[in-house]
Amino acid sequence: MEKRFDPQSYERRWQAFWRDHHLFRARSGADADGAGAGRPFCIMIPPPNVTGKLHIGHALQSALQDLVVRWKRMQGFNALWLPGTDHAGISTQLMVERQLEAEGTSRREVGRERFEERTWEWKHKFHSNIRQQLEVLGASCDWSRERFTLDDGLSTAVRTAFVRLYREGLVTRGEYMVNWSPALQTAISDLEVETREVKGKLYHLAYPVADSDQRLVVATTRPETLLGDAAVAAHPDDPRYRSLIGGFAVLPILGRLLPIVADSHVDPQFGTGLVKVTPCHDPADYEIARRHGLVGEKVIGPDGRMTAAAGPDYAGLDRYEARRRVLERLTADGLVVRVEDHVHNVGHSQRSGEPIEPLLSTQWFCDMTAMAERALEVVRTGELELRPSSWDKTWEHWLADIRPWCISRQLWWGHRIPAWYDRAGGCHVALDREEAERMAGTDELEQDPDVLDTWFSSGLWPFSTLGWPDPEAPDLGTFYPTDLLITGFDILFFWVARMTMMGLHFTGETPFRAVHLTGLVRDADGEKMSKMKGNTLDPMDLVEEYGADALRFTLCALDAPGRDIPLDLERMAGYRAFGNKIWNATRFALSRIGEAEVQAELDLAGLEAPERWILSRFSRTAEEVGARFESTRFDEACNRLYHFFWGELCDWYIEFAKPALSGAAPRPRVGEVLLTVLDRSLRLLHPVMPHLTEELWQRLPGISRLGFSALAVARYPEALAEWRDDAAEQTIETVIGVVGRVRSLRAERGLSPKLDGRLFLEAGEPAILESLVGQRALVESLTGSSALQCGRAGDHAIRDRVAGIDLALEIDLPGLDHGEMERLRRELERLEVEIQSAEGRLANPQFIDKAPPQVIAGNRERLGELQERRRLLVDQIRSGA
RNA sequence: AGGCCCGUAGCUCAGUUGGUUAGAGCGCAACGUUGACAUCGUUGAGGUCGGUGGUUCGAGCCCACUCGGGCCUACCA
């Protein structure tokens, strides 16, 4: 076996092996019902945007999903991890537009049809990228079931869903205030708006009162919208303006008369207590205007420029240029009373970054209230579990106050809205054009030019990918509802909530039983990764440097619930070293076990304590790891795997095995046990480190008789009651305690490990002493001592007490020097403090009265041990002095 | 404005239903290498758990207040 541990040398090979043997293909329909098919288990991938390459967040989620699906598969489940990609309307369109721009043309110039072709070409190119990257990570997806949100099946699902919602009256078309992105030239949903704090100005502007020489001062951050004002409003109880209500103000520049109205939305404390009302360009003003039956002018167009309604001086100007001009004019007219600095929140387009423009616009909306009600309920009842549950309140908060979802986008890349208009303006919503023509009674129809919000199709993902709306679809019957969703908290509302609502609405069931929400991957300093900062890590680079398994282990081990993930490369190097450890432990075993083979069933009869100990520890570990996988505590599962393999199997058991394997102190079937534990350990680790474990497992002698074609489909280990052995654990724990203490004693005194020492067990419970003597060979070899015996050592021996045993190390050494004396005195002081506190506690009648008996007994035992150590220490100091 | 999360060793983080002796990895120090692994081994130093008060026989863990950091939701022009 190669001495060097080199993940690059085998990772791709096993990916190809798994793929070529179709090990990850799930069974459905009649095939899944057959004997031995296993219960179905399904995870849907959060489909990455087809535009890009995978980032580290994808790597995290893929590592976790793959862990779960591999684990379930090894448990005998008919496990499906369904992969796919999302067409990602806006970002894909932007990329292709950028490409066209580089070619000196534009989407409008090439036309819709050609543009869509170009985008499909783009899609094909990047799509294979993503698939390949997932494979490099070791993802055990069922590629035969791969889906794309724009493929035929999913498009049918999207149209079906839209038509049904329309016929149910939940999807409607109408003119409302929407978030408009002037850069993208499309409406966007509330979720795609990100509020940022902006340092701006608050302008106090004077509006003359009609038929009076009075002036009203309004405060606004957006003077340019004045051109579209429809009123001036004050709070009804504001005494300053009460007398003016019902009168009129004169709109500066344009000279229009504006009614002065009372509306309780106005905050008398803010600004001047007077608001200019611009119904078409401010959501709050829109509401005020609606309440008072006012209409306003649209003075800003979809392109962010002023419209003709703004008057000839401003028409065609950019909104910010118009602001400057309006201010100039007002200043000249002496109407700018005051300008204050003002920090306020402004909505920005998440995609394109520019301030969004609230605009009155005709769009398609989906009423979410009823669906949200059910989504709330399933979390309340536990039918759907959010992990960690701290997200429950956020879920409540958002869903309880949900507003209509603007689902139409003025884009070209996406699902075209299945609505057709006849010449008379009649709207026909249908599954396809033919149906629409039948409904309209004419073929002179024009399809709505808009497409649907990308998240509309993503919202159907858990069932559209399985064949919905076909009720007979075999995959749907077998795998829906799915079991677990693993995704980032950042798309809880965008995606998880919408899938839940749509799933409940269309299938009557929650699309998954649990959602595991991951944090954000940050750099080692906890900074958010961003291209701007240049601190991004490309998972493919990390695979190259550390191997996919180390990357996976790191990501899984850092996935603590409700926390972001600080990705520390030193830590990843540590887990690569863990791989090296596993590699070398296996290499050691293979070189020393002679004819031994892995056993399917281990005969426990006649095994000695070290063997019984490691089997018992393994069984316990398997139980703990399984429980933590089940509860998606991947961090804890990984820590246990790490500590078992390194801290127990390598640090102790292999050391115990050495004298036995070398023949110095033979024990029955030690090679067999070592190999079998190794086999089971590799299985246990496989879901996290699939490549390394497969590579090593395939080399173990005897695996061909286990009946598995690969580790990836071997049986996952479970806790075995017959492997549990408390007596062996107790014995070996004592050995470990004694060995550790003797090593400390030597190290503290600076005694070379080569100096032979004679180890005496001076006192202790006879049974424990006996079991320890039974492990004489181990204790001697691990402490560098000889002649382990019960009995009294010479006066100058070093003495200590551990695990109820008084031990003494007799070694030919010079007397204690001053420094060592000091150290012993400090140790004594420390002991005194602890003894005092333990005594105090035990002397407290209330403690004795109320604490549970085990706690009291534990304290007593500990006090005894402390007192005994004190006695030995005092002796030591006396004899040294 | 409302909600959520975090503050534990030099760094990054664990710490289950409160049980008295707070853990890990990395880093650091000393020692160790012909026989699995220097991507290693052994030993060690280092925290009183952001602060204050409370509940309790007992608090890192529960409660209140408070300071600091982060995030989300929200139409104050």
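Lettering of chains follows the sequences in order, A, B, ..., and the numbering in each one begins at 1. Reckoned from all heavy atoms, side chains included, excluding hydrogens, waters and symmetry mates.
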Give the rounded distance in Å between these two atoms: CG of A:L782 and C1' of B:U42. 11 Å
Any side-chain N or O of A:S744 less than 4.0 Å from the OP1 or OP2 oxygen of B:G44? yes
Indicate whether OP1 or OP2 belonging to B:U39 is found under 4.0 Å from a side-chain N or O atom of A:K581. no
Indicate yes or no: does A:R222 engage A:E357 in a salt bridge with an N to O separation below 4.0 Å. yes
Just call it for A:A573: base, sugar-phosphate, or nothing, with non-hydrogen atoms closer than 4.0 Å on any strand. nothing
Classify the nucleic acid contact of A:R862 as base, sugar-phosphate or nothing, counting any heavy atom under 4.0 Å across all strands shown. base
Check the distance between B:A74's P and A:D267's CG and give it to me in whole angstrom. 20 Å
Answer for the Watson-Crick or wobble partner of B:U48, both distances under 3.5 Å, is none
Look at the side chain of A:T586 and the backbone N and O of A:L696, then say whether any donor-acceptor pair between them is shorter than 3.5 Å. no
Base partner of B:C4, which must satisfy Watson-Crick or wobble distances under 3.5 Å: B:G70
Look at the side chain of A:E748 and decide which nucleotide, out of B:U20, B:G44, B:U73, has an atom nearest to it. B:G44
With heavy atoms under 4.0 Å as the rule, sort A:R587 into base, sugar-phosphate or nothing. sugar-phosphate
Counting side-chain heavy atoms from C-beta on, which of B:U73, B:C37, B:C26 comes nearest to A:H397? B:U73
Check every strand shown and say whether A:E624 touches a base, only sugar-phosphate, or nothing at a heavy-atom separation below 4.0 Å. nothing
Does A:K393 reach a base, just sugar-phosphate, or nothing at all? Heavy atoms under 4.0 Å. sugar-phosphate
Roughly how many Å is it from NE2 in A:H344 to C1' in B:A77, rounded to a whole number? 10 Å
Sugar-phosphate only, base, or nothing, as touched by A:H342 at under 4.0 Å among non-hydrogen atoms: sugar-phosphate
What nucleotide among B:U73, B:C26, B:A45 has an atom nearest to a side-chain atom of A:W398? B:U73
Gap between atoms CZ and P, on A:R746 and B:G44 respectively (whole Å): 14 Å
If we take the C1' atom in both B:C67 and B:U21, what is their distance in whole Å? 31 Å
Spacing of the C1' atoms in B:G46 and B:U8 (rounded, Å): 13 Å
From the options B:G15, B:G41, B:U43, select the nucleotide whose nearest atom is closest to the side chain of A:A747. B:U43
Selected nucleotide, minimal atom distance to A:S390 side chain, candidates B:U39, B:G27, B:C4: B:C4
Please determine if A:R403 and A:D401 form a salt bridge, counting it only when a charged side-chain N lies under 4.0 Å from a carboxylate O. no
Scan A:K276 against the nucleic acid and name what it touches under 4.0 Å (heavy atoms): base, sugar-phosphate only, or nothing. nothing
Salt bridge or not between A:R290 and A:E287? Use side-chain N to carboxylate O under 4.0 Å. yes
Checking base pairs now: Watson-Crick or wobble, both atom distances under 3.5 Å. What partners B:G35? none
Nearest heavy atom decides the nucleotide; on that basis, is A:D190 or A:L202 closer to the 5' end of RNA chain B? A:D190
Check the distance between B:G27's P and A:R571's CZ and give it to me in whole angstrom. 13 Å
Counting side-chain heavy atoms from CB outward, which of B:C57, B:G15, B:U42 is closest to A:N844? B:C57
Base-pairing assignment for B:G25 (Watson-Crick or G-U wobble, both under 3.5 Å): B:C11
Could you check whether the side chain of A:H265 and the base of B:C76 have a donor-acceptor pair of N or O atoms closer than 3.5 Å, going by distance alone? no
Look at all strands and tell whether A:G562 reaches a base, only sugar-phosphate, or nothing, counting heavy atoms closer than 4.0 Å. sugar-phosphate
Would the distance check show the side chain of A:W395 and the main-chain N or O of A:L492 forming a donor-acceptor pair, the cut-off being under 3.5 Å? no
Assert yes or no for the condition that the ring centre distance of A:Y176 to A:Y286 is strictly below 6.0 Å. no
Mate of B:A59 across any strand shown (Watson-Crick or G-U wobble, both atom pairs under 3.5 Å) is none
Candidate nucleotides B:U21, B:C26, B:C71, ranked by approach to the side chain of A:R841 - the nearest: B:U21
Using whole Å, what does the distance between atom C1' of nucleotide B:U16 and atom CZ of A:R640 come to? 9 Å
Have a look at A:W646 and say if it touches a base, only the backbone sugar-phosphate, or nothing, with a 4.0 Å heavy-atom cut-off. sugar-phosphate
What's A:R403 touching, base or sugar-phosphate or nothing? Going by heavy atoms closer than 4.0 Å. sugar-phosphate
Looking at every strand, decide which applies to A:P845 at a 4.0 Å heavy-atom threshold: base, sugar-phosphate, or nothing. nothing
Per atom distances to the A:Y642 side chain, the nearest of B:A74, B:G25, B:G27 is B:G25
Could you tell me the separation between the CZ atom of A:F645 and the C1' atom of B:G25, rounded to a whole number of Å? 18 Å
Counting the atoms with a prime plus P, OP1 and OP2 as sugar-phosphate, which does A:P566 contact under 4.0 Å by heavy atoms, base, sugar-phosphate, or nothing? sugar-phosphate
Could you tell me whether A:R830 and A:E827 make a salt bridge, using a distance below 4.0 angstrom between a side-chain N and a carboxylate O? yes
Here the pair of heavy atoms bringing A:D559 nearest to A:I565 is OD1-CD1, 4.1 Å
Taking for each residue the nucleotide of RNA chain B with the nearest heavy atom, is it A:L558 or A:A585 whose nucleotide lies nearer the 5' end? A:L558
Looking only at the side chain of A:F5 (C-beta and beyond, no hydrogens), which of the listed nucleotides B:A14, B:A77, B:U39 gets closest? B:U39
To the nearest Å, how far apart are A:D849 CG and B:G58 C1'? 14 Å
Could you please name the option among B:C75, B:U20, B:C37 that lies closest to any side-chain atom of A:F847? B:U20
Mark yes or no: A:K658 above the aromatic ring of A:F588, with NZ or CZ under 6.0 Å from the six-membered ring centre and no more than 45 degrees from the axis. yes
